[in-house]
Amino acid sequence: MTTRLHDLRRSDRGDMNVEVAIGAAALIVLFGLAIVAMRIQTAESAIAEAARSAARSASLAHDGETAAAAARQRATDVLAQQHLSCSGLQIDVDAHDFAKPLGETGFVIATVTCEVGYNDLLIPGMSGSRTTRAEFRSPIDRHGARQ
């Protein structure tokens, strides 16, 4: 009888090891997913701030060409400050409202599109990227921007 009880305890220990291994693997997967979710949230926030800042910077320019250059530079600066590297960065600026006559409300629209990769996260089996896009519209400064 003691032999059976001893064998039963040894068998239970083996089952517990399997349960621990499965539980540890599940925790690693959940941890990896949490890291990816944080990367996505951080990237979306940084890209939205870059679009917002680009549109505001462009709205203070004197003409459409200067506005587009200022917006692109500002968006790039914001993404660098946020330590976000995009494998496919695209900054589009719609500054055609600078052609409107004085007195009419015009807007500058800045759109930032960024492809954020997961390869640098060092999570086994996790690769790929996600494209994130943000757009912001800012009114052109009627008093100082247009000439």
query = With A68, which residues qualify under side chain to side chain contact (heavy atoms under 4.5 Å, CB included), at least two apart?
reply = R72, V93
request  = With rounding to the nearest 0.5 Å, note down the distance linking CG in L84 to CZ in R39.
outcome  = 7.5 Å
query = Taking C-beta and beyond as the side chain, do F136 and V112 meet within less than 4.5 Å on heavy atoms?
reply = no
query = Quick check: does any side chain N or O of D94 sit under 3.5 Å from a backbone N or O of H96, one acting as donor and the other as acceptor?
reply = yes
ask   = Measuring from R56:CZ to R74:CZ, what's the distance to the nearest 0.5 Å?
value = 10.0 Å
query = Taking all non-hydrogen atoms of both residues, which atom of A67 and which atom of A95 are closest, and how far apart?
reply = CB-CB, 4.2 Å
Atom pair OG1 (T111) and CD1 (I47), whose distance is rounded to the nearest 0.5 Å = 12.5 Å
inquiry  = Using 0.5 Å steps for rounding, measure from the CG atom of L79 to the CD1 atom of I91.
reply    = 6.5 Å
request  = Heavy atoms only: give me the nearest S59-P139 pair and the separation to one decimal.
outcome  = CB-O, 3.2 Å
query = Do any N or O atoms from the side chain of S87 and from the backbone of E115 form a donor-acceptor pair under 3.5 angstrom?
reply = yes
ask   = For D77 and Q73, what are the C-alpha separation, side-chain angles and deciding distance, and is it a side chain to side chain donor-acceptor pair (under 3.5 Å)?
value = CA-CA 6 Å; D77 290 347; Q73 182 61 50; 2.8 Å; yes
ask   = Considering all heavy atoms of both residues, which atom of V108 and which atom of A58 are nearest to each other, and what is their separation?
value = CG1-CB, 3.5 Å
message = Treating S57 as the side-chain partner and S53 as the backbone partner, does any N or O pair qualify as donor plus acceptor under 3.5 Å?
response = no
query = Say you draw a straight line from OG1 of T105 to CG of D97; how long is it, rounded to the nearest 0.5 Å?
reply = 9.5 Å
request  = Please step through side chain to side chain contact (heavy atoms under 4.5 Å, CB included) for the pair V116 and I40, ending with a clear verdict.
outcome  = CA-CA 8 Å; V116 181; I40 290 169; over 6 Å; no
request  = Of all the heavy-atom pairs spanning A54 and A110, show the shortest one and how long it is.
outcome  = CB-CB, 3.9 Å
inquiry  = Using 0.5 Å steps for rounding, measure from the CG atom of D63 to the CD1 atom of I140.
reply    = 10.5 Å
